[in-house]
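In what follows, residues are counted from 1 in the order of the sequence shown.
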Amino acid sequence: MKEKELPLGFGMALAQNELAMKKFESLTETEKQSVLEQAHHVHSKREMQQLVNGIAAQGISGGIHGIS
């Protein structure tokens, strides 16, 4: 399976949240791909902020399960 690319909105939201960026960088490749899969299904700036804030607040659990 081809690795997911970093969506522009996700990258911009991460750049604005240093804690989320550090936590995302510390994830395994499998965990990163899971988060990126979710990021590709986000439909608004607000949802993207929720995804990134979830990563910062709760780590991988908040990031992956924060958006349904």
Side-chain angles (χ1 to χ4, degrees):
M1 180 170 93
K2 184 179 175 182
E3 288 187 16
K4 293 279 183 187
E5 294 181 20
L6 190 75
L8 181 61
F10 182 68
M12 292 175 68
L14 272 182
Q16 295 174 357
N17 187 326
E18 186 177 351
L19 179 58
M21 184 180 294
K22 287 180 180 180
K23 287 190 176 185
F24 182 76
E25 290 172 351
S26 72
L27 299 177
T28 66
E29 287 305 311
T30 301
E31 291 168 331
K32 286 178 184 175
Q33 291 304 311
S34 185
V35 171
L36 291 176
E37 179 69 29
Q38 278 202 305
H40 280 282
H41 290 91
V42 166
H43 299 288
S44 70
K45 182 178 179 178
R46 185 180 129 282
E47 287 180 353
M48 191 64 77
Q49 279 302 138
Q50 288 177 332
L51 177 63
V52 170
N53 290 343
I55 294 168
Q58 300 174 14
I60 185 69
S61 164
I64 290 179
H65 302 293
I67 303 284
S68 48

Gap between atom [atom2] of [Y] and atom [atom1] of [X] - 0.5 Å precision:
{"X": "Leu6", "Y": "His40", "atom1": "CG", "atom2": "NE2", "result": "7.5 Å"}
{"X": "His41", "Y": "Leu51", "atom1": "NE2", "atom2": "CG", "result": "12.5 Å"}
{"X": "Arg46", "Y": "Asn53", "atom1": "CZ", "atom2": "CG", "result": "11.5 Å"}

With the side chain counted from C-beta on, respond yes when Glu29 and Lys32 share a heavy-atom pair under 4.5 Å apart, and no when they do not.
->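 The answer is yes; the side chains approach within 4.5 Å.
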Audit row: Met48, Met12, side chain to side chain contact (heavy atoms under 4.5 Å, CB included) steps and yes/no | CA-CA 10 Å; Met48 191 64 77; Met12 292 175 68; over 6 Å; no
Which pair of heavy atoms, one from Ile55 and one from Ala20, lies closest together, and at what distance?
->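 Taking every non-hydrogen atom into account, CG2-O, 3.7 Å.
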So which heavy atom on Lys23 is nearest to which on Ala56, and how close?
->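 It is NZ-O, 2.9 Å.
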Under the side-chain hydrogen bond (donor to acceptor under 3.5 Å, both in side chains) rule, collect the residues that match up with Lys45, sequence neighbours excluded.
->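 Lys45 satisfies side-chain hydrogen bond (donor to acceptor under 3.5 Å, both in side chains) with no residue once adjacent residues are dropped.
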Among all residues two or more places apart in sequence or in another chain, which pass the side-chain hydrogen bond (donor to acceptor under 3.5 Å, both in side chains) test with Glu25?
->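 None.
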Please walk me through it: do Val52 and Phe24 pass side chain to side chain contact (heavy atoms under 4.5 Å, CB included)?
-> CA-CA 9 Å; Val52 170; Phe24 182 76; over 6 Å; no
